[in-house]
There are 2 protein chains.
Amino acid sequence: MARRSDHSRDELREMAVNAGQEIIKNEGFSNFSARKVARNIGYTIGTIYNIFESHDDFILHINIITLREMCGFIAENTTETGEDAIKQMVSSYIKFAQNDYNRWSALFEHVMPNNTPLPDWYDEEVKKIFLLVGSHFMAITNDAEAAQMASRTIWASVHGICQLGMTGKLDIIGAQSIQELTDSLIENYLKGIKL
Amino acid sequence: MARRSDHSRDELREMAVNAGQEIIKNEGFSNFSARKVARNIGYTIGTIYNIFESHDDFILHINIITLREMCGFIAENTTETGEDAIKQMVSSYIKFAQNDYNRWSALFEHVMPNNTPLPDWYDEEVKKIFLLVGSHFMAITNDAEAAQMASRTIWASVHGICQLGMTGKLDIIGAQSIQELTDSLIENYLKGIKL
DNA sequence: ACCTGAACACCGTTCAAGT
DNA sequence: ACCTGAACACCGTTCAAGT
């Protein structure tokens with residue numbers, strides 16, 4: 001039918017991404033679909049594919065917003081330095097996952113098909129978190145390589161505890177228990193590297 | 001059409017689960033479908049739903065086989081005791097994930113819709129792994145509660161490192177690097193709890 | 001009693017046909 | 001040049017109709 005041009009390409013992208021965020025937030029990642037977004041913004045499925053390369057590309061454009069917000073939330077709540085900063089970051093991460101479970105879990109429920117690598121623009125955003133954590137480890141060890149290793153180890157570990165905890169695979173209940181395990185992790189790990 | 005009775009209910013279940021395992025192993029979880037399984041075993045989609053409660057129930061019956069095999073593999077390769085046992089378990093876990101990536105990742109790519117809890121028969125199998133790890137921690141701490149906390153912390157952490165590592169979100173390459181991070185984790189964490 | 005397969009209500013993806 | 005929406009090839013789920 002008609003070329004509507006009610007909205008510019010950029011406006012359409014923003015509308016689609018916002019509508020997608022809303023669906024994930026309210027109904028969970030498993031209930032997200034590109035067709036549902038199209039219906040919600042009053043366009044057809046063809047328009048979505050006109051704007052995004054593929055279903056995965058669309059999802060990544062939604063998830064990167066969550067990633068940025070999460071990163072911002074963590075940075076905001078990290079007021080101390082060194083060891084305290086690391087504890088604050090972990091607590092904020094858990095809080096974000098708890099408050100916005102559907103959006104947080106969409107970050108990990110979406111898996112690229114087979115072994116397709118993440119596009120650079122998304123990958124960079126992931127790396128930013130490690131840089132942030134790494135900078136605070138630098139204040140503790142003063143050894144760039146050790147700080148990098150420690151920040152990756154701690155961050156991935158916290159994520160694992162959070163994920164298994166949130167999905168009921170740790171036989172623990174609530175964010176408080178998750179916090180206890182990450183506390184145990186950080187406390188003992190930091191003791192270890194300071195020996 | 002016809003009531004075929006070529007196979008008993010149990011035989012059908014086994015055929016379906018085996019066919020499902022094969023698809024996941026060779027084509028990855030994203031390419032699995034109940035209809036594909038039906039085609040592969042020469043039955044119709046109706047038969048699959050006759051045998052399993054739902055799509056999720058079907059997947060859990062496939063995944064529990066993987067879970068049992070993984071558990072067996074880890075137990076087989078754990079010949080030492082105490083701290084060495086824990087290191088062996090972690091190495092075996094990484095090895096299993098590496099050798100059988102598609103089946104291992106299906107364990108985590110499958111997420112129950114919204115907040116449906118895992119059925120008891122599946123949940124129990126998950127707990128067995130923690131019991132196994134926990135028993136070896138008991139040899140180190142002699143404190144049941146501390147051992148439980150340590151085993152959950154370590155196991156969930158190892159899983160997180162493995163998952164982010166395998167999906168390219170840690171900016172590291174290969175199983176060797178993953179092993180380095182888990183080594184760092186275990187070494188420092190154990191130092192910490194022994195202080 | 002058991003199994004089928006058509007029917008239903010969805011998907012992601014493509015692209016000829018319209019303006 | 002841009003957008004549509006029909007068409008294609010799939011899904012999971014249900015259940016009346018067959019044997």
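So you know, we letter chains A, B, ... as the sequences are listed, proteins then strands, and number each from 1. Because the structure is predicted, anything quoted here is derived from the model rather than measured.
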[X] [atom1] - [N] [atom2] separation (whole Å):
| X | N | atom1 | atom2 | result |
| --- | --- | --- | --- | --- |
| A/Asn50 | C/dG12 | CG | C1' | 15 Å |
| B/Ile48 | D/dT13 | CD1 | C1' | 13 Å |
| B/Phe52 | D/dT14 | CZ | C1' | 18 Å |
| A/Leu12 | D/dA1 | CG | P | 19 Å |
| B/His55 | C/dC11 | NE2 | C1' | 13 Å |
| A/Ile41 | D/dC3 | CD1 | P | 12 Å |
| A/His110 | C/dG12 | NE2 | P | 12 Å |
| A/Tyr49 | C/dC11 | OH | P | 11 Å |

Taking atom CD as the centre, does B/Glu69 end up with more than 12 heavy-atom neighbours from other residues, nucleotides or ligands that are less than 6.0 angstrom away?
yes

Any sub-3.5 Å donor-acceptor pair from [X]'s side-chain atoms to [Y]'s backbone N or O?
| X | Y | result |
| --- | --- | --- |
| A/Lys95 | A/Phe73 | no |
| B/Lys194 | B/Ile140 | no |
| B/Asp100 | B/Phe96 | no |
| B/Arg13 | B/Ile51 | yes |
| B/Arg152 | A/Ile161 | no |
| B/Gln88 | B/Glu80 | yes |

Between B/Glu22 and B/Lys25, does any NZ, NE, NH1 or NH2 come within less than 4.0 Å of an OD or OE carboxylate oxygen?
no

Could B/Lys87 and B/Glu83 be called an ion pair, given the rule that one side-chain N must be under 4.0 Å from one carboxylate O?
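A salt bridge is present here (some side-chain N lies under 4.0 Å from a carboxylate O).
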
Near DNA chain D, which residues from residues 24-35 of chain B have a heavy atom under 4.0 Å away?
B/Ser33, B/Ala34, B/Arg35

Residue closer to the 5' end of DNA chain C, B/Ile45 versus B/Arg9 (nearest nucleotide):
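Result: B/Arg9.
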
DNA chain D in dot-bracket form (Watson-Crick or G-U pairs under 3.5 Å, [ ] crossing, | inter-strand) is ||.|||||...|||||.||

If you check the A/Arg39 side chain, which of C/dG5, C/dC11, C/dT13 turns out closest?
C/dC11

Of all the choices, D/dC11, D/dT13, C/dG12, which nucleotide is nearest to the side chain of B/Lys36 once you look at every atom?
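The listed nucleotide nearest to B/Lys36's side chain is D/dC11.
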
